[in-house]
Amino acid sequence: MRLSRYFLPVLKENPAEAKIVSHSYMLRAGMIKQASAGIYSWLPLGLKVLRNIERIVNEEQIRAGHIPVLMPTVQSADLWRESGRFDVFGAEMLRMSDRHGRDMLYGPTNEEQITDIIRSHVNSYKDLPLTLFQIQWKFRDEVRPRFGVMRGREFLMKDGYNFDIDYDAAIHAYNRHMVSYLRTYERMGLKAIPMRADSGPIGGEDTHEFLVLADTGESEVFYDSAILEMNLGDREVNYDSVDECAAIAKEWTTPYARTDETHDDALFNEVPAERRKTSRGIEVGQIFYFGTKYSESMGANVVTDTGERVPVHMGSHGIGVSRLLGAIIEASHDDKGIIWPEGVTPFHCGIINLKQGDDAADAACEAIYQALTDAGLEPLYDDRKERAGGKFASMDLIGLPWRITVGPRGLKNGVVELTSRKTGENLEMTLEEAVAKVIKIYAAL
Ligand code: P5A
């Protein structure tokens with residue numbers, strides 16, 4: 001993409017309404033525009049990151065054996081009356097009626113809707129296990145929408161639902177989700193810690209939240225710092241293996257890590273004092289096992305191998321897709337702007353032409369642009385006739401991990417400059433070497 005033809009409405013000033021850095025940078029980098037409280041339009045740069053996050057979430061769900069579906073955002077209130085949650089959900093639910101006076105709502109979550117699909121089409125134990133997921137917009141009329149996409153009213157969620165024959169099979173689904181979530185967050189350059197939590201209106205006893213540590217997080221968390229050293233890395237995982245998923249889940253849930261809702265002082269005090277940490281965290285996901293709560297009330301049954309009819313065991317599993325943009329920025333920025341992890345960056349590499357209109361500089365930038373594009377990468381070429389200072393400021397703000405700077409003086413010596421946004425390190429090298437290095441970095445992802 002050439003910046004002269006793109007739509008990147010960068011703001012110079014800090015917007016007054018932004019109280020945390022991620023909100024401020026998302027507005028300043030022209031990623032989002034507030035439409036009304038807690039509701040945002042996604043501008044081109046923001047949409048690119050959102051799509052990258054969706055892609056990673058989707059790939060990891062499919063890798064774990066889960067099947068994509070898409071359910072509507074507007075639901076019939078009747079389903080929620082069946083489960084008993086129509087009244088329980090309270091003022092957070094956006095209710096409306098259609099022209100025939102039928103009660104409808106904008107889905108805050110989809111347990112009822114998916115249970116309705118399952119009860120219509122799944123009848124036998126042979127149809128199980130089954131996990132369906134979607135990435136779809138939700139609406140929750142939050143009392144205090146704030147911090148931009150962090151606590152929105154309209155937000156994008158990956159929501160998955162498992163259907164299993166019994167408790168053991170459903171716990172395998174729970175563990176499988178835990179492992180796939182660890183991998184998902186790691187691919188986004190995040191350390192998200194599973195913490196024992198409270199289930200709220202979703203229900204059930206077993207639930208873990210995934211939290212990214214950040215001073216601006218809304219949750220208070222208590223943890224053993226040993227967990228910060230743990231990594232799933234690129235180990236092969238067989239998601240069908242009950243033992244393997246259980247072992248990884250055990251490994252990650254053994255060190256103490258709880259939110260304030262489930263915090264237990266006595267247990268926490270068993271952790272060696274120097275490893276006992278209290279901090280704030282951003283909840284980027286939550287997994288639940290709630291057994292037969294919905295299947296019993298809504299009649300989702302299957303016939304077992306002995307001919308008995310039993311309600312299916314269920315859990316649901318959510319990732320805050322749009323919230324993740326805020327969480328990643330909170331975890332990765334400096335005073336000049338965002339520092340995107342390579343896995344989610346909107347463009348792979350920035351190209352800055354220090355002297356637009358200089359034949360040699362223009363030709364070198366075009367050659368870099370072409371070579372990166374031919375390699376399947378997306379560069380962002382700042383080809384505007386602007387001062388170099390302004391170009392650097394914009395590029396730092398939008399946070400691309402790599403930048404190649406081209407100017408007539410360097411070219412006379414046969415070099416361009418490759419800069420890492422994260423470390424600030426500048427390397428002088430030939431144009432070909434810079435291109436090859438960027439291609440190699442992304443090929444390794
Ligand atoms: C699990 C999937 C559920 O709704 N039902 C379907 C279950 N869980 S949850 O914890 O309530 O939400 C899942 C994740 O969505 C994100 N989230 C939000 N993101 C932005 N703005 C909001 N107002 C908001 N509310 C929830 C969180 O990341 C949460 O973990």
Side-chain angles (χ1 to χ4, degrees), residues 1 3 6 8 21-22 25-26 29 31 44-61 63 149 180-192 210 212-214 231-235 282 284 319 321-334 336-352 368-369 371-382 392 394-405 416-427 429 432-445:
M1 179 56 65
L3 200 44
Y6 200 45
L8 185 72
V21 74
S22 57
Y25 283 162
M26 285 184 78
M31 297 176 68
L45 194 76
L47 181 63
K48 270 176 103 39
V49 183
L50 189 70
R51 293 282 183 251
N52 285 342
I53 292 175
E54 275 184 70
R55 178 178 42 79
I56 293 176
V57 169
N58 197 56
E59 281 172 10
E60 291 307 324
Q61 286 306 299
R63 196 196 303 279
V149 298
S180 71
Y181 279 24
L182 290 171
R183 171 143 290 160
T184 304
Y185 299 124
E186 278 188 15
R187 278 187 64 187
M188 296 174 192
L190 282 178
K191 188 162 280 295
F210 288 77
V212 172
L213 301 179
N231 257 318
L232 195 61
D234 48 17
R235 69 177 103 161
I282 303 167
V284 291
I319 291 182
V321 174
S322 48
R323 177 179 287 182
L324 271 164
L325 276 95
I328 293 171
I329 297 172
E330 289 298 323
S332 182
H333 68 267
D334 62 15
K336 292 192 219 138
I338 303 166
I339 306 174
W340 289 116
E342 279 138 3
V344 300
T345 185
F347 292 97
H348 298 102
C349 181
I351 304 169
I352 288 190
I368 295 168
Y369 188 84
L372 291 174
T373 308
D374 288 348
L377 298 180
E378 275 191 280
L380 181 66
Y381 172 21
D382 192 344
F392 285 129
S394 296
M395 208 52 102
D396 282 343
L397 175 64
I398 69 170
L400 309 184
W402 297 95
R403 184 184 81 208
I404 300 176
T405 308
V416 298
E417 214 171 61
L418 178 66
T419 309
S420 156
R421 175 70 182 83
K422 193 166 172 184
T423 64
E425 191 189 6
N426 278 314
L427 294 170
M429 51 181 81
E432 292 75 17
E433 283 166 346
V435 166
K437 178 142 192 205
V438 172
I439 293 174
K440 194 164 161 209
I441 289 163
Y442 287 102
L445 283 192

Point to revise | Side-chain donor/acceptor of T345 to backbone N/O of P341, under 3.5 Å | key: no

Practice item. Taking side chain to side chain donor-acceptor pair (under 3.5 Å) as the test, write out the residues that go with E342, two or more places apart. Key: W402

**Study point:** CD on Q61 to OG on S180, rounded to 0.5 Å
**Key:** 4.5 Å

Practice item. Work out which heavy atom in L400 is nearest to a heavy atom in C349; give both atom names and the distance. Key: CD1-C, 3.9 Å

Review point. In this structure, are over 12 heavy atoms from other groups packed under 6.0 Å from R55 atom CZ?
Key: yes

Exercise for review: Would you sort out whether L8 and I398 count as a side-chain contact (heavy atoms from CB on, under 4.5 Å), showing the intermediate values?
Suggested key: CA-CA 10 Å; L8 185 72; I398 69 170; 4.2 Å; yes

Point to revise | Geometric class of the F210/Y185 ring pair [parallel <30°, tilted 30-60°, perpendicular >60°] | key: tilted

Review point. Salt bridge (charged side-chain N to carboxylate O under 4.0 Å, His left out): which pairs involve residues 181-192, sequence neighbours left out?
Key: E59-R187, E60-R187

In residues 371-381, what donor-acceptor pairs under 3.5 Å come from side-chain atoms, sequence neighbours left out?
| residue | atom | partner | partner atom | Å |
| --- | --- | --- | --- | --- |
| T373 | OG1 | Y369 | O | 2.6 |
| D374 | OD1 | Q370 | NE2 | 3.2 |
| E378 | OE1 | K48 | NZ | 2.9 |
| E378 | OE2 | K48 | NZ | 2.9 |
| Y381 | OH | N353 | ND2 | 3.2 |
| Y381 | OH | Q356 | NE2 | 3.2 |

Revision key, fill the gap. For T405, the side chain to side chain donor-acceptor pair (under 3.5 Å) test, sequence neighbours excluded, returns R403

Review point. Is the count of non-hydrogen atoms from other residues, nucleotides or ligands lying under 6.0 Å from D234 atom CG greater than 12?
Key: no

Exercise for review: Locate the shortest heavy-atom distance separating V212 from A192; write the atom from each residue and the value.
Suggested key: CG2-CB, 4.1 Å

Practice item. Could you tell me whether the side chain of E417 reaches within less than 4.5 Å of the side chain of I404, counting heavy atoms only? Key: no

Check your understanding: Does a side-chain heavy-atom distance below 4.5 Å link K422 with P401?
Key -> no

Check your understanding: What pair of heavy atoms forms the shortest contact from I56 to T184, and how long is it?
Key -> CG2-O, 3.9 Å

Check your understanding: Are the side chains of R323 and V149 in touch, meaning some heavy atoms are under 4.5 Å apart?
Key -> no

Point to revise | Audit row: M26, L325, side-chain contact (heavy atoms from CB on, under 4.5 Å) steps and yes/no | key: CA-CA 9 Å; M26 285 184 78; L325 276 95; 3.8 Å; yes

Exercise for review: Taking the side chain as every heavy atom from C-beta outward, state whether L418 and M429 have any pair of such atoms under 4.5 Å apart.
Suggested key: yes

Review point. Does any non-hydrogen side-chain atom of L45 lie less than 4.5 Å from one of L47?
Key: no

Check your understanding: Could you give all pairs that pass the side-chain hydrogen bond (donor to acceptor under 3.5 Å, both in side chains) test and reach residues 434-445, with sequence neighbours left out?
Key -> none

Check your understanding: If you measure from CG on L50 to CG on L324, what distance do you get to the nearest 0.5 Å?
Key -> 9.5 Å

Review point. What heavy-atom pair brings A29 and I338 nearest, and what distance separates the two atoms?
Key: CB-CD1, 4.3 Å

Can you give me every donor-acceptor pair (side chain of residues 327-334, partner residue at least two apart or in another chain, under 3.5 Å) with its distance?
| residue | atom | partner | partner atom | Å |
| --- | --- | --- | --- | --- |
| E330 | OE1 | T216 | OG1 | 2.8 |
| E330 | OE2 | S22 | N | 2.8 |
| E330 | OE2 | S22 | OG | 2.6 |
| S332 | OG | I339 | O | 2.5 |
| H333 | ND1 | I329 | O | 2.8 |
| H333 | ND1 | E330 | O | 3.3 |
| D334 | OD1 | K336 | N | 2.9 |
| D334 | OD1 | G337 | N | 3.2 |
| D334 | OD1 | R421 | NH2 | 2.8 |
| D334 | OD2 | R421 | NH1 | 2.8 |

